[in-house]
Amino acid sequence: MVARIPSLNGLKAFESAARHMSFTKAADELNVTQTAISHQIRRLEDELGVRLFLRLKDGLALTTEGQGYFPGVRAAFQELRYSTQMLHESSNNSTLTVSTLVSLASKWLLPRLPSFQKAFPDIDVRLTASTELVDFRKGGIDAAIRYGSGTWKGMRADWLMSDEIFPVCSPKLLASPEALKSPADLASHTLLQVSGMTNNDWSKWLSAAGQPMKLAEGTRLTFDLAMMAVQAAIDGLGVCIGRSTYVDDDLKAGRLVAPFDLKLKSDLGFYLVTPLEYANSKKIVAFRSWLTGLVHSPAP
């Protein structure tokens with residue numbers, strides 16, 4: 001049988017008094033008299049059938065039962081305080097904290113962010129970049145842009161875009177003696193790749209291009225971040241297996257070229273992920289509308 005929750009006023013008085021180890025400080029914190037705190041805790045003890053405090057001449061001490069009870073009660077009130085803080089911040093705070101992947105932030109989001117600031121000057125954007133999944137509750141994160149299949153429990157996931165996978169390199173590489181005239185010529189070049197979820201991109205592309213898998217076993221440079229692999233390609237260190245999200249701007253600027261026409265569509269994609277409880281706050285709705293409008297509008 002589930003135990004009945006005792007008086008919330010008594011629990012609040014107990015949590016404050018145990019945290020300060022003082023009825024007087026608890027009374028000040030809760031804006032009541034010391035006598036009221038004493039009576040509330042006495043009623044709580046009677047309701048529970050155990051003594052929680054030892055009233056000593058030189059102060060208070062928790063009984064064995066009180067010591068065992070306090071951590072759980074304290075955690076419950078901390079959770080309530082945090083949830084209330086998040087509720088107020090998500091509704092009223094003008095700062096929007098967005099977590100995203102390091103390379104996506106650098107190569108795609110940052111160059112486009114000024115248009116959001118222009119459209120919504122009253123919203124201050126704070127970006128936090130990470131390769132790890134974020135804990136929204138502990139990290140103070142309002143929204144995240146994540147790569148995957150769109151299935152995150154307890155979250156709203158809005159599809160943004162998918163990737164195309166294809167090789168890219170510096171224009172200078174095409175003018176070298178080992179020019180890339182066909183995929184077979186990749187055997188003479190260092191292949192640049194990214195570890196993690198995309199580490200099989202070369203194998204997938206070479207297979208689709210009808211090339212032997214042993215070609216993918218040649219000289220390689222592997223990077224933790226896509227932005228590093230792309231920069232290495234710009235610097236002429238090899239041929240990078242690129243993803244459109246990370247290389248499109250460099251292709252348009254002429255810093256990179258795509259030597260072959262074959263492009264593979266990725267099964268996964270980028271999503272805007274937000275906790276359900278504040279997915280419809282004004283600042284998140286504004287960011288979602290801007291972001292989806294940006295990625296779904298026709299290319300210029």
Side-chain angles (χ1 to χ4, degrees), residues 98-116 127-132 145-147 160-209 211 215-266 268-270 291 294-295 297 299-300:
V98 180
S99 170
T100 185
L101 304 173
V102 177
S103 294
L104 185 72
S106 175
K107 302 298 292 183
W108 189 84
L109 185 58
L110 281 176
R112 292 162 174 80
L113 204 53
S115 71
F116 177 79
L127 284 183
T128 172
S130 170
T131 57
E132 304 295 330
I145 301 177
R146 281 292 176 260
Y147 187 73
L160 298 176
M161 56 192 171
S162 59
D163 268 331
E164 289 185 318
I165 304 167
F166 53 94
V168 293
C169 65
S170 167
K172 297 178 182 178
L173 215 57
L174 297 185
S176 68
E178 298 83 14
L180 292 164
K181 296 180 180 178
S182 73
D185 294 329
L186 289 167
S188 302
H189 294 269
T190 298
L191 303 186
L192 311 176
Q193 67 177 20
V194 183
S195 60
M197 292 180 68
T198 62
N199 64 352
N200 288 324
D201 281 0
W202 265 122
S203 297
K204 293 177 182 177
W205 189 90
L206 289 170
S207 177
Q211 298 301 307
L215 197 154
E217 299 171 2
T219 305
R220 289 197 186 197
L221 279 176
T222 302
F223 302 87
D224 290 337
L225 301 176
M227 58 184 288
M228 297 170 63
V230 171
Q231 187 59 50
I234 293 173
D235 294 340
L237 299 184
V239 182
C240 176
I241 187 64
R243 285 183 168 244
S244 51
T245 303
Y246 299 124
V247 302
D248 276 354
D249 287 353
D250 291 312
L251 288 169
K252 292 175 183 176
R255 292 183 290 268
L256 290 173
V257 294
F260 313 115
D261 293 332
L262 176 63
K263 296 181 179 181
L264 301 183
K265 199 80 170 181
S266 173
L268 305 178
F270 290 96
L291 200 54
L294 179 70
V295 298
S297 62

Here the gap from Lys263 atom NZ to Ile165 atom CD1, rounded to the nearest 0.5 Å, amounts to 12.5 Å
What one should report as the nearest heavy-atom pair of Met227 and Ser103 is N-OG, 2.9 Å
Residues forming a side-chain hydrogen bond (donor to acceptor under 3.5 Å, both in side chains) with Asn199, sequence neighbours excluded = none
Excluding sequence neighbours, so at least two apart, what forms side-chain hydrogen bond (donor to acceptor under 3.5 Å, both in side chains) with Thr190?
-> none
Would you please name every residue forming a side-chain hydrogen bond (donor to acceptor under 3.5 Å, both in side chains) with Ser106, sequence neighbours left out?
-> none
Test side chain to side chain contact (heavy atoms under 4.5 Å, CB included) on Val102 and Met228 and set out the steps.
-> CA-CA 10 Å; Val102 177; Met228 297 170 63; over 6 Å; no
Quick one: list whatever passes side chain to side chain contact (heavy atoms under 4.5 Å, CB included) with Gln231, sequence neighbours left out.
-> Ile234, Asp235
Please name the pair of heavy atoms, one in Pro167 and one in Ile241, separated by the smallest distance, quoted to 0.1 Å.
-> N-CD1, 3.9 Å
Return the minimal non-hydrogen interatomic distance between Phe223 and Ala232, and the atom names on each side.
-> CZ-CB, 3.7 Å
For residues 186-208, the salt bridge (charged side-chain N to carboxylate O under 4.0 Å, His left out) pairs (sequence neighbours left out) are Asp201-Arg243
Is there side-chain contact between Phe116 and Leu109, with heavy atoms separated by less than 4.5 Å?
-> no
Heavy-atom closest contact (Leu264 atom, Trp205 atom, distance) | CD1-CA, 3.6 Å
Could you pull out all residues at least two apart from Thr222 that satisfy side-chain hydrogen bond (donor to acceptor under 3.5 Å, both in side chains)?
-> Gln193
Residue pairs passing the ring pair (Phe, Tyr, Trp, His ring centres under 6.0 Å) test where at least one lies in residues 233-259, sequence neighbours excluded = none
Please identify each residue that fulfils side chain to side chain contact (heavy atoms under 4.5 Å, CB included) with Lys172, with sequence neighbours left out.
-> Ser170
Rounding to 0.5 Å, atoms SG (Cys240) and CZ (Phe166) come to a distance of 9.5 Å
Taking Ser266 for its side chain and Asp163 for its backbone only, find out whether a donor-acceptor pair lies under 3.5 Å.
-> no
Please tell me if the side chains of Lys107 and Val230 come closer than 4.5 Å, counting only heavy atoms from C-beta onward.
-> yes
Tabulate below the donor-acceptor pairs under 3.5 Å that side-chain atoms of residues 254-262 make, not counting sequence neighbours, or state none.
residue : atom : partner : partner atom : Å
Arg255  : NE   : Asp250  : OD1          : 2.6
Arg255  : NH2  : Asp250  : OD1          : 2.8

Of all heavy-atom pairs between Cys169 and Leu174, which one has the smallest distance, and what is that distance?
-> SG-CD2, 4.1 Å
Do Val194 and Leu225 come within less than 4.5 Å of each other through their side chains, counting heavy atoms only?
-> no
Gap between atom CD of Gln211 and atom CG of Leu186 - 0.5 Å precision | 7.5 Å
The side chain to side chain contact (heavy atoms under 4.5 Å, CB included) partners of Met161 (sequence neighbours excluded) come to Leu104, Trp108, Thr245, Phe270, Val295
